[in-house]
Amino acid sequence: MFTSATISKGIPLPYSPQQDDGITVLLLGCFVLSAYILSHSHRFLLQLVKDFFLHRERTNIFAISTGPDIRYLLLLIVQTCVLASLCLFKYFMDLRPELSQQVSPHLLLGIYIGSSLLFLIVKWLSYSLIGWIFFNETKTGMWLESYSTLLYYLGFILFPFALFLIYFNLNLKATVTVGLFLLISIKLLIFYKELKLFCNHLYGGILLILYFCALEIVPCFILYRGMLQLNEYLIIKI
(Lines give C-alpha, C1' and ligand atoms only; values in the text may rest on other atoms or scores of the structure.)
Protein backbone atom coordinates (compact mmCIF):
# COMPACT_ATOMS: atom_id res chain seq x y z
CA MET A 1 0.00 0.00 0.00
CA PHE A 2 1.08 3.59 -0.65
CA THR A 3 1.78 5.64 2.44
CA SER A 4 0.49 9.18 2.83
CA ALA A 5 4.05 10.49 2.47
CA THR A 6 4.45 8.74 -0.89
CA ILE A 7 1.12 10.08 -2.14
CA SER A 8 1.83 13.64 -1.01
CA LYS A 9 5.28 13.64 -2.60
CA GLY A 10 4.12 12.43 -6.01
CA ILE A 11 6.19 11.98 -9.14
CA PRO A 12 8.06 15.12 -10.31
CA LEU A 13 7.20 16.22 -13.84
CA PRO A 14 10.04 16.45 -16.36
CA TYR A 15 11.31 19.94 -17.10
CA SER A 16 9.57 21.72 -20.00
CA PRO A 17 10.68 25.11 -21.41
CA GLN A 18 7.02 25.76 -22.27
CA GLN A 19 6.21 26.01 -18.56
CA ASP A 20 9.29 27.98 -17.56
CA ASP A 21 8.26 31.49 -16.51
CA GLY A 22 11.84 32.73 -16.87
CA ILE A 23 11.95 31.80 -20.56
CA THR A 24 8.54 33.36 -21.11
CA VAL A 25 9.72 36.62 -19.56
CA LEU A 26 12.90 36.49 -21.66
CA LEU A 27 10.96 36.04 -24.89
CA LEU A 28 8.49 38.75 -23.91
CA GLY A 29 11.41 41.09 -23.25
CA CYS A 30 12.86 40.33 -26.70
CA PHE A 31 9.49 41.06 -28.29
CA VAL A 32 9.13 44.41 -26.50
CA LEU A 33 12.72 45.35 -27.36
CA SER A 34 12.28 44.47 -31.05
CA ALA A 35 9.02 46.39 -31.30
CA TYR A 36 10.50 49.44 -29.58
CA ILE A 37 13.63 49.51 -31.76
CA LEU A 38 11.66 48.98 -34.98
CA SER A 39 9.36 51.87 -34.09
CA HIS A 40 12.29 54.22 -33.41
CA SER A 41 15.02 53.12 -35.85
CA HIS A 42 13.26 51.31 -38.72
CA ARG A 43 14.55 53.78 -41.33
CA PHE A 44 18.10 53.36 -40.11
CA LEU A 45 17.78 49.56 -40.20
CA LEU A 46 16.40 49.69 -43.75
CA GLN A 47 19.30 51.91 -44.76
CA LEU A 48 21.72 49.29 -43.46
CA VAL A 49 20.10 46.63 -45.65
CA LYS A 50 20.35 48.86 -48.73
CA ASP A 51 24.00 49.57 -47.99
CA PHE A 52 24.67 45.85 -47.57
CA PHE A 53 23.35 44.87 -51.02
CA LEU A 54 24.21 48.04 -52.94
CA HIS A 55 27.76 48.00 -51.59
CA ARG A 56 27.87 51.69 -50.72
CA GLU A 57 31.20 52.88 -49.44
CA ARG A 58 31.21 54.59 -46.09
CA THR A 59 33.85 54.62 -43.40
CA ASN A 60 31.73 52.96 -40.75
CA ILE A 61 28.32 52.81 -39.23
CA PHE A 62 29.14 55.29 -36.52
CA ALA A 63 29.57 58.06 -39.07
CA ILE A 64 25.80 58.28 -39.73
CA SER A 65 24.27 56.88 -36.55
CA THR A 66 23.18 58.78 -33.48
CA GLY A 67 23.81 57.83 -29.87
CA PRO A 68 20.41 56.13 -29.43
CA ASP A 69 20.87 54.25 -32.71
CA ILE A 70 24.16 52.79 -31.52
CA ARG A 71 22.62 51.69 -28.23
CA TYR A 72 19.72 50.07 -30.05
CA LEU A 73 22.08 48.19 -32.36
CA LEU A 74 24.14 46.90 -29.45
CA LEU A 75 20.94 45.70 -27.79
CA LEU A 76 19.97 43.92 -31.02
CA ILE A 77 23.28 42.07 -31.02
CA VAL A 78 22.72 40.99 -27.41
CA GLN A 79 19.19 39.91 -28.36
CA THR A 80 20.57 37.79 -31.20
CA CYS A 81 22.92 36.03 -28.76
CA VAL A 82 20.07 35.45 -26.30
CA LEU A 83 17.71 34.00 -28.93
CA ALA A 84 20.45 31.85 -30.48
CA SER A 85 21.23 30.54 -27.00
CA LEU A 86 17.55 29.77 -26.40
CA CYS A 87 17.44 27.73 -29.62
CA LEU A 88 20.60 25.85 -28.64
CA PHE A 89 19.17 25.34 -25.15
CA LYS A 90 16.02 23.70 -26.56
CA TYR A 91 18.06 21.63 -29.02
CA PHE A 92 20.39 20.24 -26.36
CA MET A 93 17.46 19.60 -24.01
CA ASP A 94 15.90 17.41 -26.72
CA LEU A 95 19.25 15.81 -27.54
CA ARG A 96 20.21 15.11 -23.92
CA PRO A 97 17.06 15.04 -21.71
CA GLU A 98 19.15 14.19 -18.65
CA LEU A 99 20.61 17.71 -18.75
CA SER A 100 17.47 19.13 -17.13
CA GLN A 101 17.75 16.55 -14.34
CA GLN A 102 21.42 17.18 -13.57
CA VAL A 103 21.82 20.92 -14.22
CA SER A 104 19.67 23.92 -13.36
CA PRO A 105 18.01 25.00 -16.65
CA HIS A 106 18.51 28.68 -15.83
CA LEU A 107 22.20 28.09 -15.09
CA LEU A 108 22.59 26.18 -18.35
CA LEU A 109 20.85 28.91 -20.36
CA GLY A 110 23.04 31.55 -18.70
CA ILE A 111 26.16 29.58 -19.65
CA TYR A 112 24.96 29.33 -23.26
CA ILE A 113 24.27 33.08 -23.43
CA GLY A 114 27.70 33.84 -21.97
CA SER A 115 29.34 31.44 -24.46
CA SER A 116 27.52 33.06 -27.39
CA LEU A 117 28.59 36.55 -26.32
CA LEU A 118 32.19 35.40 -25.84
CA PHE A 119 32.16 33.70 -29.25
CA LEU A 120 30.90 36.88 -30.88
CA ILE A 121 33.49 39.06 -29.14
CA VAL A 122 36.33 36.76 -30.23
CA LYS A 123 35.08 36.81 -33.83
CA TRP A 124 34.78 40.60 -33.77
CA LEU A 125 38.34 40.95 -32.46
CA SER A 126 39.57 38.49 -35.11
CA TYR A 127 37.92 40.46 -37.89
CA SER A 128 39.37 43.72 -36.57
CA LEU A 129 42.88 42.25 -36.26
CA ILE A 130 42.89 40.71 -39.73
CA GLY A 131 41.45 43.90 -41.21
CA TRP A 132 44.13 45.96 -39.49
CA ILE A 133 46.89 43.68 -40.83
CA PHE A 134 45.75 43.02 -44.41
CA PHE A 135 43.23 45.71 -45.37
CA ASN A 136 42.65 49.42 -45.01
CA GLU A 137 40.43 51.07 -42.43
CA THR A 138 37.61 51.78 -44.88
CA LYS A 139 37.18 48.17 -46.00
CA THR A 140 37.48 46.86 -42.46
CA GLY A 141 34.81 49.30 -41.28
CA MET A 142 32.49 48.32 -44.12
CA TRP A 143 32.95 44.64 -43.35
CA LEU A 144 32.25 45.06 -39.64
CA GLU A 145 29.15 47.10 -40.49
CA SER A 146 27.91 44.43 -42.92
CA TYR A 147 28.53 41.64 -40.42
CA SER A 148 26.69 43.59 -37.74
CA THR A 149 23.74 44.14 -40.09
CA LEU A 150 23.38 40.39 -40.51
CA LEU A 151 23.42 39.95 -36.74
CA TYR A 152 20.70 42.57 -36.23
CA TYR A 153 18.34 40.91 -38.67
CA LEU A 154 19.22 37.42 -37.53
CA GLY A 155 17.79 38.37 -34.14
CA PHE A 156 14.47 39.33 -35.75
CA ILE A 157 14.39 36.04 -37.66
CA LEU A 158 15.32 33.93 -34.64
CA PHE A 159 12.46 35.31 -32.54
CA PRO A 160 9.59 33.49 -34.36
CA PHE A 161 11.82 30.41 -34.70
CA ALA A 162 12.42 30.37 -30.94
CA LEU A 163 8.68 30.75 -30.30
CA PHE A 164 7.82 27.79 -32.54
CA LEU A 165 10.69 25.79 -31.12
CA ILE A 166 9.59 26.22 -27.50
CA TYR A 167 5.82 26.58 -27.56
CA PHE A 168 4.93 24.39 -30.56
CA ASN A 169 7.43 21.70 -29.53
CA LEU A 170 9.17 21.20 -32.88
CA ASN A 171 10.82 17.81 -33.12
CA LEU A 172 14.58 17.44 -33.24
CA LYS A 173 14.70 16.82 -37.01
CA ALA A 174 12.71 19.98 -37.79
CA THR A 175 14.89 21.98 -35.38
CA VAL A 176 18.10 20.82 -37.07
CA THR A 177 16.69 21.42 -40.56
CA VAL A 178 15.55 24.99 -39.88
CA GLY A 179 18.70 25.76 -37.88
CA LEU A 180 20.98 24.55 -40.68
CA PHE A 181 18.96 26.51 -43.25
CA LEU A 182 19.40 29.73 -41.26
CA LEU A 183 23.09 29.06 -40.66
CA ILE A 184 23.82 28.30 -44.32
CA SER A 185 21.84 31.36 -45.45
CA ILE A 186 23.83 33.64 -43.15
CA LYS A 187 27.14 32.11 -44.28
CA LEU A 188 26.21 32.58 -47.94
CA LEU A 189 25.42 36.25 -47.32
CA ILE A 190 28.73 36.62 -45.50
CA PHE A 191 30.56 35.01 -48.42
CA TYR A 192 28.72 37.29 -50.87
CA LYS A 193 29.81 40.40 -48.97
CA GLU A 194 33.38 39.16 -48.68
CA LEU A 195 33.49 38.65 -52.44
CA LYS A 196 32.26 42.19 -52.99
CA LEU A 197 34.74 43.73 -50.59
CA PHE A 198 37.92 41.71 -50.82
CA CYS A 199 38.02 39.68 -54.04
CA ASN A 200 39.51 41.54 -57.01
CA HIS A 201 41.28 38.69 -58.84
CA LEU A 202 41.67 34.90 -58.90
CA TYR A 203 44.51 34.88 -56.38
CA GLY A 204 42.35 36.89 -54.01
CA GLY A 205 39.52 34.41 -54.53
CA ILE A 206 41.68 31.51 -53.36
CA LEU A 207 42.77 33.41 -50.27
CA LEU A 208 39.15 34.38 -49.62
CA ILE A 209 38.02 30.74 -49.60
CA LEU A 210 40.75 29.90 -47.08
CA TYR A 211 39.80 32.94 -45.01
CA PHE A 212 36.12 31.99 -45.13
CA CYS A 213 36.80 28.43 -43.98
CA ALA A 214 39.12 29.56 -41.20
CA LEU A 215 36.87 32.27 -39.74
CA GLU A 216 33.35 31.15 -40.67
CA ILE A 217 33.17 27.37 -40.96
CA VAL A 218 35.75 26.00 -38.53
CA PRO A 219 34.65 28.18 -35.54
CA CYS A 220 31.08 26.86 -35.87
CA PHE A 221 32.32 23.27 -35.51
CA ILE A 222 34.56 24.27 -32.60
CA LEU A 223 31.65 26.00 -30.84
CA TYR A 224 29.37 23.00 -31.33
CA ARG A 225 31.95 20.51 -30.11
CA GLY A 226 32.79 22.78 -27.20
CA MET A 227 29.13 22.90 -26.13
CA LEU A 228 28.86 19.12 -26.35
CA GLN A 229 31.91 18.76 -24.12
CA LEU A 230 30.54 21.40 -21.76
CA ASN A 231 27.26 19.51 -21.43
CA GLU A 232 29.11 16.29 -20.65
CA TYR A 233 31.18 18.07 -18.02
CA LEU A 234 28.13 19.61 -16.37
CA ILE A 235 26.29 16.27 -16.28
CA ILE A 236 29.28 14.58 -14.59
CA LYS A 237 30.36 17.33 -12.20
CA ILE A 238 27.04 18.87 -11.07
Side-chain angles (χ1 to χ4, degrees), residues 17 77-100 102-103 105 107-131 133-135 140 143-144 146-155 157-158 161-162 164-166 170-195 197-199 204-238:
I77 290 178
V78 174
Q79 175 180 269
T80 300
C81 291
V82 169
L83 290 171
S85 300
L86 269 175
C87 295
L88 287 172
F89 174 78
K90 182 62 168 62
Y91 166 76
F92 284 120
M93 282 293 179
D94 291 341
L95 188 67
R96 298 294 302 273
E98 61 270 26
L99 267 174
S100 62
Q102 302 292 332
V103 186
L107 173 63
L108 188 64
L109 180 58
I111 291 173
Y112 287 171
I113 293 174
S115 300
S116 298
L117 287 170
L118 179 62
F119 179 76
L120 184 59
I121 291 171
V122 170
K123 285 200 70 176
W124 191 277
L125 292 175
S126 300
Y127 289 144
S128 300
L129 179 62
I130 291 175
I133 295 173
F134 296 104
F135 306 106
T140 302
W143 166 243
L144 291 176
S146 300
Y147 183 71
S148 300
T149 300
L150 291 175
L151 290 178
Y152 308 146
Y153 280 90
L154 179 61
I157 295 171
L158 283 176
F161 177 49
F164 274 93
L165 193 61
I166 292 173
L170 292 181
N171 59 46
L172 190 61
K173 183 178 180 180
T175 300
V176 172
T177 301
V178 177
L180 285 177
F181 173 78
L182 290 176
L183 180 63
I184 292 171
S185 299
I186 290 295
K187 295 304 179 184
L188 288 176
L189 287 172
I190 288 175
F191 190 67
Y192 159 80
K193 195 61 182 180
E194 288 176 347
L195 283 174
L197 283 174
F198 306 120
C199 185
I206 296 173
L207 290 178
L208 179 60
I209 292 174
L210 295 175
Y211 169 86
F212 181 80
C213 292
L215 284 183
E216 299 299 335
I217 304 300
V218 174
C220 291
F221 286 105
I222 293 176
L223 178 64
Y224 181 73
R225 291 296 304 173
M227 285 191 162
L228 288 177
Q229 293 298 322
L230 176 63
N231 291 338
E232 294 293 336
Y233 175 83
L234 291 173
I235 290 174
I236 294 173
K237 296 296 183 180
I238 297 182

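For the salt bridge (Lys or Arg N to Asp or Glu O under 4.0 Å) condition, the pairs that include at least one residue of residues 178-187, sequence neighbours left out, are Lys187-Glu216. Applying the side-chain hydrogen bond (donor to acceptor under 3.5 Å, both in side chains) rule to pairs touching residues 108-117 yields Ser85-Ser116, Tyr112-Asn231, sequence neighbours excluded. Residue pairs that meet the salt bridge (Lys or Arg N to Asp or Glu O under 4.0 Å) test with at least one member in residues 85-94, sequence neighbours left out, are Lys90-Asp94.
With sequence neighbours excluded, the residues satisfying side chain to side chain donor-acceptor pair (under 3.5 Å) with Glu98 are Arg96. Judged as a side-chain contact (heavy atoms from CB on, under 4.5 Å), and not counting sequence neighbours, the contacts of Leu150 are Phe52, Leu189, Ile190. Tyr153 is linked by a ring-ring contact (aromatic ring centres under 6.0 Å, His included) to Phe156, counting only residues two or more places apart in sequence or in another chain. Scored by the side chain to side chain donor-acceptor pair (under 3.5 Å) test, Tyr224 finds Tyr91 as partners (sequence neighbours excluded). Listed by chain and residue number, Trp132, Ile133 satisfy the side-chain contact (heavy atoms from CB on, under 4.5 Å) test with Leu129 (two or more places apart in sequence, or in another chain). Residues passing the side-chain contact (heavy atoms from CB on, under 4.5 Å) test with Ser185, sequence neighbours excluded: Phe181. With sequence neighbours excluded, the residues forming a side-chain contact (heavy atoms from CB on, under 4.5 Å) with Ala84 are Leu158, listed by chain and number.
In this structure, the side chains of Gln79 and Val82 stay at 4.5 Å or more apart for every pair of heavy atoms. Contact check for Val103 versus Ile111: no side-chain heavy atoms found under the 4.5 Å cut-off. Counting only heavy atoms from C-beta outward, the side chains of Phe119 and Lys123 approach each other to under 4.5 Å.
Here Leu99 contributes atom CG and Ile235 contributes atom CD1; the two are 4.0 Å apart, rounded to the nearest 0.5 Å. Annotation: the span from Asn171 atom CG to Thr177 atom OG1 amounts to 8.0 Å, rounded to 0.5 Å. Put simply, CD on Glu194 and OH on Tyr147 are 10.5 Å apart, with the number rounded to the nearest 0.5 Å. Separation of atoms OG1 (Thr175) and CG (Leu180) is listed at 10.5 Å; rounding is to 0.5 Å. Atoms CG and NZ, on Leu195 and Lys193 in that order, are 11.0 Å from each other to the nearest 0.5 Å. The line from CZ of Phe92 to CG of Leu234 is 11.5 Å long, rounded to the nearest 0.5 Å.
Taking both residues in full, the closest heavy atoms of Tyr152 and Ile77 are given as CE2-CG1, 3.5 Å, listed atom of the first, atom of the second, then distance. Across all their heavy atoms, Met93 and Leu108 have their closest contact at CE-CD2, 3.8 Å. When all heavy atoms of Gly179 and Phe161 are compared, the pair lying nearest together is N-CZ, 4.2 Å. Taking each heavy atom of Ala162 and Leu83 in turn, the nearest pair found is CB-CD2, 4.3 Å. Of all heavy-atom pairs spanning Cys81 and Leu117, the tightest one is SG-CD2, 3.5 Å. Closest non-hydrogen pair, Ala214 versus Val218, comes out as O-CB, 4.1 Å.
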Could you please spell out the steps behind the side chain to side chain contact (heavy atoms under 4.5 Å, CB included) verdict for Leu120 and Leu151? CA-CA 10 Å; Leu120 184 59; Leu151 290 178; 3.5 Å; yes
Residues Tyr127, Thr140; criterion side chain to side chain contact (heavy atoms under 4.5 Å, CB included); working and verdict: CA-CA 8 Å; Tyr127 289 144; Thr140 302; over 6 Å; no
